[in-house]
Amino acid sequence: MSSQPSMGKMGGGSDKPVRVSLIIAVYKRVDFLGLVLTSVENQSFRNMEVIIAEDDQSDDIRNFILSKTEAFPFRIKHVNQEDRGFRKNRVLNKAILASEGEHLIFIDGDCILHKKFIEAHVKRLKPGLCLFGRRAMLSRRLTTKLIHSGNIKGLSVFTMLLTKTRCLESGIYVPWIPSFRKFGVKGCNFSLSRDLMYKINGFDEDFESIFGGEDTDVERRLRLIDTEFLCIKFKAVQYHLYHEGREGREESWETEGKAFYQKKIDEELPFCKNGLLRHRETG
């Protein structure tokens, strides 16, 4: 199966340059992706493209995207690659190269967006600035209900409270409340200019393990080039769908991750060696 981006139509202002590229990291779970794309359709901000960055080559994902493109209000591009273990950073770099927006917003394929999510990022765009937010952690019960109904309108503070959602405060849209958090970029909710991402050569593809640190590494390298950071918790709100699969991550971090990450710190390089440029050089 080809890993070249496939495109759906561009709705709502196809004659204008795309301002935002929303990049969605996906692995399996077409049911999750359906809910996420529904939340994308409902966004108040409309001048964007959507890029599905799939760390796999699933027929289910491909067919689902094809089924969405005709009626979907934004252009959809699909970049994928053979499933050879955790290579999220690699496919994200390929998505960046396929993108056309001047501003890149990164989310994960298991996070439903509040209708003002993209607007919250776009309102605060500024050269040299990285924006980051948090997420509410939905319970198994509420996630199951959303999947079965296919209706995200049932997602409210009341239902989250009743179903024991964790980090509930991160799921409440109260844009007038500031956040004083200074650190903590998460790969599921951050944005920055294309220019900043190219200055650090994108994501470091040396990260090929479940132990984590790949998003923290982006933040670390951005700080080395004096990037400003702004937390937009309570403004860029998203809801993480419950799923298994984090087993062994903490143990892996203790046994492998810490030492690996320390080597990256010791290098003191903002521009990673194994990033965006390697794809340009290889075509």
Side-chain angles (χ1 to χ4, degrees), residues 19-26 36 39-40 43-45 48 50-51 53 88-89 92-93 95-96 99 101-138 166-204 207 212-241 261 264-265 270 272 275-276:
R19 190 174 182 197
V20 168
S21 295
L22 176 66
I23 297 176
I24 309 176
V26 171
V36 174
S39 72
V40 173
Q43 291 300 298
S44 57
F45 182 84
M48 64 174 167
V50 176
I51 305 177
K88 178 183 178 182
N89 279 6
L92 286 175
N93 280 339
I96 293 169
S99 68
E102 64 188 64
H103 195 71
L104 308 175
I105 300 178
F106 295 90
I107 68 169
D108 285 344
D110 54 10
C111 291
I112 295 172
L113 309 181
H114 184 277
K115 67 181 180 180
K116 298 280 190 179
F117 179 88
I118 303 294
E119 181 181 322
H121 278 271
V122 173
K123 271 186 175 180
R124 294 159 182 86
L125 296 179
K126 189 174 111 177
L129 177 67
C130 178
L131 302 164
F132 66 100
R134 316 317 283 165
R135 59 186 178 176
M137 308 295 287
L138 303 183
R166 293 187 294 114
C167 307
L168 178 61
E169 75 284 353
S170 295
I172 302 174
Y173 181 72
V174 278
W176 56 89
I177 297 180
S179 172
F180 300 102
R181 178 184 285 272
K182 301 297 183 184
F183 296 85
V185 170
K186 288 187 175 295
C188 64
N189 188 348
F190 83 103
S191 68
L192 73 176
S193 68
R194 167 188 298 280
D195 178 60
L196 275 179
M197 211 56 177
Y198 272 85
K199 283 183 177 178
I200 62 170
N201 201 22
F203 292 90
D204 189 340
F207 285 83
E214 64 276 358
D215 38 14
T216 305
D217 178 70
V218 169
E219 178 179 352
R220 178 187 64 82
R221 289 185 288 119
L222 285 170
R223 291 187 183 278
L224 290 176
I225 59 170
D226 298 321
T227 302
E228 293 181 56
F229 288 82
L230 177 65
C231 181
I232 50 176
K233 181 180 179 180
F234 309 122
K235 303 167 185 68
V237 173
Q238 63 177 206
Y239 314 94
H240 179 266
L241 294 158
Y261 193 70
K264 292 294 179 181
I265 293 173
C272 67
L276 279 171

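- No side-chain heavy atom of Asp215 sits under 4.5 Å from any side-chain heavy atom of Phe106.
- Counting heavy atoms from C-beta outward, Leu196 and Ile225 have side chains that approach closer than 4.5 Å.
- Contact detail for Ile23 and Ala53: the closest heavy-atom pair is CG2-CB, 4.2 Å.
- Minimum interatomic distance between Gln238 and Cys111 (heavy atoms only, all atoms of both residues): OE1-SG, 3.5 Å.
- In this structure, the side chains of Val122 and Met48 stay at 4.5 Å or more apart for every pair of heavy atoms.
- Of all heavy-atom pairs spanning Gly109 and Val36, the tightest one is O-CG2, 3.6 Å.
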Please output the side-chain donor-acceptor pairs of residues 113-121 that fall under 3.5 Å, not counting sequence neighbours, one pair per line with the distance.
from, atom 1, to, atom 2, distance (Å)
His114, ND1, Lys116, N, 3.0
Glu119, OE1, Ser44, OG, 2.5
Glu119, OE2, Lys123, NZ, 3.3
His121, ND1, Ser191, OG, 2.7
His121, NE2, Asn189, OD1, 3.1

Name each donor-acceptor pair under 3.5 Å that joins a side chain in residues 171-185 to protein atoms two or more places apart or in another chain, with its distance.
from, atom 1, to, atom 2, distance (Å)
Ser179, OG, Arg181, N, 3.4

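- Side-chain atoms of His240 and Cys188, non-hydrogen and from C-beta on, never get closer than 4.5 Å to each other.
- The two residues Ile96 and Met197 make their nearest non-hydrogen contact at CD1-CG, 3.7 Å.
- Here Leu168 contributes atom CG and Met137 contributes atom CE; the two are 13.0 Å apart, rounded to the nearest 0.5 Å.
- A salt bridge does not link Glu169 to Arg134: none of the charged nitrogens lies less than 4.0 Å from a carboxylate oxygen.
- A distance of 8.5 Å separates CZ of Phe229 from CG of Leu192, quoted to the nearest 0.5 Å.
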Would Lys264 and Asp204 satisfy salt bridge (Lys or Arg N to Asp or Glu O under 4.0 Å), going step by step from the backbone distance to the final call? CA-CA 10 Å; Lys264 292 294 179 181; Asp204 189 340; 2.9 Å; yes

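- Between Asp108 and Lys88 there is a salt bridge, with a side-chain nitrogen of the basic residue lying less than 4.0 Å from a carboxylate oxygen of the acidic one.
- Cys167 has its side chain out of reach of Arg135: every pair of non-hydrogen atoms, C-beta onward, lies at least 4.5 Å apart.
- The heavy-atom pair separating Ser193 from His103 by the smallest distance is N-ND1, 3.8 Å.
- The shortest side-chain heavy-atom distance between Arg19 and Phe45 falls under the 4.5 Å cut-off.
- Across every non-hydrogen atom of Ile200 and Pro270, the tightest pair is CB-O, 3.2 Å.
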